[in-house]
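In listed order, ligands and their atoms are each counted from 1.
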Amino acid sequence: MSELLRQANLIGGEWVGADDGGTINVTDPSSGDVIGQVPNAGAEETRRAIAAAHDAFPAYAAKTVTERAALLRALSAEIIANADELARILTLEQGKPLTESKGEVMSSAAYVQWFAEEIRRARGEVIPSPWPNRRLMTTKHPVGVVAAITPWNFPSSMLARKLGPALAAGCPVVVKPATATPYSGIAWGVLAERVGFPPGVVNILTGSAKAIGGEIMDNPKVRKVTFTGSTEIGKELLRGAAGTVKKVSMELGGNAPFIVFDDADLDRAVDGAMIAKFRNAGQTCICSNRVYVQAGIYDAFVERLAERARALTVAPGLEDGAEQGPMVDAPALAKISELVQDAVDKGGKVLAGGAPHERGGLFYAPTVIADATPEMRVTQEEIFGPVAPVYRFETEEEAIAMANDTVYGLAAYAYTGDLGRTFRLQDGLEYGLIGINEVLIVTPEIPFGGLKESGMGKEGGWQGLDDYLETRYTCIGGF
Ligand SMILES: NC(=O)c1ccc[n+]([C@@H]2O[C@H](COP(=O)([O-])OP(=O)(O)OC[C@H]3O[C@@H](n4cnc5c(N)ncnc54)[C@H](O)[C@@H]3O)[C@@H](O)[C@H]2O)c1
Ligand SMILES: O=C[C@H](O)CS(=O)(=O)O
């Protein structure tokens, strides 16, 4: 077994099991086989991890920005050096095609590198004083112990967007990866230890989300919670954070519209729709959830999309040529089936897929549904699977109104050749991330984050670092 595939938790620099020896099975969603076991840690182990982070904070925060940047550069290099093994572990536990896992791992290294650079530019300011003989200054300081809770769909890169800025800012971290995909997070602990992060600075816990989460939210030593996951759980954690007024970053659910206007480049729009819909088997927060196509090109677009969906290779992620892997678990597969049946019951016309894939197991056939209507569940619910409902619209105003008719506000996409319309979409679409004639729009340089019930805070950009720093103001007089 790989040295990176470790079946233990990291607490205060020690690799340990759960206090009661309890474990949780981790399964390969492509086969259902048990890959291994990880500790089923609970509140007591979490309390110790938080205490270790709290004890490590003063010395770690006292490191210079160049010392912390050097550790992060070393971590980024170590991720790259182990990228193939990290990608294999990721595909084994999450199911996505190996090519996508490799891309996620390289993106993780890029985010760590980005924050190694950004921390050397984080600065306060001297403010021009309205009073004589006083100096007004702000300074930046690490928020303190950070708890990071991450989802199963991107178990490495979602961690990079949290560990990168936290460690750059001088904050020790207690990490709880998703129960379904713990190994990618544990591997981060192995690499962090290997490059020299001091004991207690990086702690990794696996086990009961309720028990671990409960201790995180109640423990006053945790000064910030950074969460990526569903809006439902995000709301629960927001309520919990109020008890000790913790800073929060919330990267939550999405319901992305994908709008195609008559003047779009049709080939480019179909290519974009395939990526935006079927990447990670549709299990990404920024996947297109609703495809809106203007009446003039509706028939041509929907038939082209269905043809491409039918041609996708559905296979276990470790198989050469796999383009779509399995759903993460049986409840996810069942929900996809329910949503498709609801759409069909309400008049949807299946042009591709429409049922679990012939491979069986957790695989679902890439699906395109024409004649979609607002009454369908897929319109308001995050599908989180390989299903593209395609709606027809007549006018730009109608498209923008339908696109915004959701509690979510994470990502939106539109294809048009009209520059004036592009600016109207930039102003009119209520989303944190907008792609115009592009769907691969995420990179460490940009502030990733949603509006409305898709969350708050940013990950990436300079904003992503500032979320882990506190600004203090000092007024100096009497001289
Ligand atoms: N906005 C983003 O950047 C982004 C990125 C990826 C995924 N997501 C969202 O995440 C969801 C899919 O991921 P998921 O199924 O892992 O989400 P989830 O909310 O079920 O779980 C997310 C994490 O929270 C933990 N958790 C669950 N209940 C908890 C509790 N009571 N206290 C503490 N932790 C708890 C889980 O174990 C997991 O680690 C989708 O809604 C997707 O849109 C958002
Ligand atoms: O699932 C959400 C991720 O943020 C997708 S991406 O890595 O930003 O493309």
Closest heavy-atom approach to atom 37 (O) of ligand 1 among Glu232, Gln283, Lys176 is made by Lys176
Heavy-atom proximity to atom 19 (O) of ligand 1 ranks first, among Pro155, Pro182, Ser230, for Ser230
Using a 4.0 Å heavy-atom threshold (strictly under), name the region of Glu459 that reaches ligand 1: side chain, backbone, both or neither. neither
Quick one: does Glu251 get a heavy atom under 4.0 Å from ligand 2? no
Out of curiosity, is Phe154 lining ligand 1, as in a heavy atom under 4.0 Å away? no
Between Trp152 and Tyr183, is the gap from one ring center to the other below 6.0 Å? no
Which residue holds the protein heavy atom closest to atom 16 (O) of ligand 1, what is that atom called, and what is the gap in Å? Trp152 CD1, 3.1 Å
Dump the intermediate steps for side chain to side chain contact (heavy atoms under 4.5 Å, CB included) on Phe115 and Leu163, then the final yes or no. CA-CA 9 Å; Phe115 287 108; Leu163 278 178; over 6 Å; no
Which residue supplies the protein heavy atom nearest to atom 40 (C) of ligand 1, what is that atom called, and how far is it? Glu382 OE1, 3.4 Å
Cys285, any N or O under 3.5 Å of ligand 2 N or O: yes
So for Met158 against ligand 1, with non-hydrogen atoms under 4.0 Å, the contacting part is side chain
How far is atom 3 (O) of ligand 1 from the closest protein heavy atom, and which atom is that? Phe448 CE2, 3.2 Å
Counting heavy atoms only, name the option from Thr150, Val328, Ile233 that's nearest to atom 23 (C) of ligand 1. Thr150
Would you verify that at least one protein heavy atom lies under 4.0 Å from atom 21 (O) of ligand 1, or report that none does? no
Ignoring angles and geometry beyond distance, decide whether Ser157 reaches within less than 3.5 Å of ligand 2 through its nitrogen or oxygen atoms. no
Does any N or O atom in Arg279 lie less than 3.5 angstrom from one in ligand 2, N or O only? yes
Part of Thr228 with heavy atoms under 4.0 Å of ligand 2, whether side chain, backbone, both or neither: neither
Among all protein heavy atoms, pick the one closest to atom 26 (N) of ligand 1 and tell me residue, atom and distance. Ala209 CB, 3.6 Å
Between Tyr431 and Tyr408, is the gap from one ring center to the other below 6.0 Å? no
Closer than 4.0 angstrom, basic N to acidic O: yes or no for Lys458 and Asp466? no
Closest approach of any protein heavy atom to atom 8 (N) of ligand 1, naming residue and atom: Cys285 CB, 3.7 Å
Kindly confirm or rule out an N or O of Thr284 lying under 3.5 angstrom from an N or O of ligand 2. no
Given Glu14, which of Leu10, Val16, Ile11 fulfils the side-chain contact (heavy atoms from CB on, under 4.5 Å) condition? Val16
Can you tell me which residue and heavy atom of the protein come closest to atom 13 (O) of ligand 1, and the distance to 0.1 Å? Pro151 CB, 3.4 Å
Mode of Ala180 contact toward ligand 1 - side chain, backbone, both, neither (heavy atoms, under 4.0 Å): neither
Where does Ile216 meet ligand 1, judged by heavy-atom distances below 4.0 Å: at the side chain, the backbone, both, or neither? neither
Taking the minimum heavy-atom distance to atom 6 (S) of ligand 2, which of Met158, Gln283, Arg161 ranks first? Arg161
Residues Arg48 and Asp19 bridged, charged N to O under 4.0 Å: yes
Proximity flag Pro177 to ligand 1, non-hydrogen atoms under 4.0 Å: yes
Looking only at protein heavy atoms, identify the closest one to atom 31 (N) of ligand 1 and say how far it is in Å. Glu236 OE2, 3.0 Å
Atom 44 (C) of ligand 1: which protein heavy atom is closest, and how many Å away? Leu252 O, 3.1 Å
Check contact between Glu104 and ligand 2, using heavy atoms of the residue and a distance below 4.0 angstrom. no
Heavy-atom nearest option to atom 5 (C) of ligand 2, drawn from Phe448, Phe384, Phe154: Phe154
Would you mind reporting whether Pro257 and Thr406 have side-chain heavy atoms less than 4.5 Å apart? no
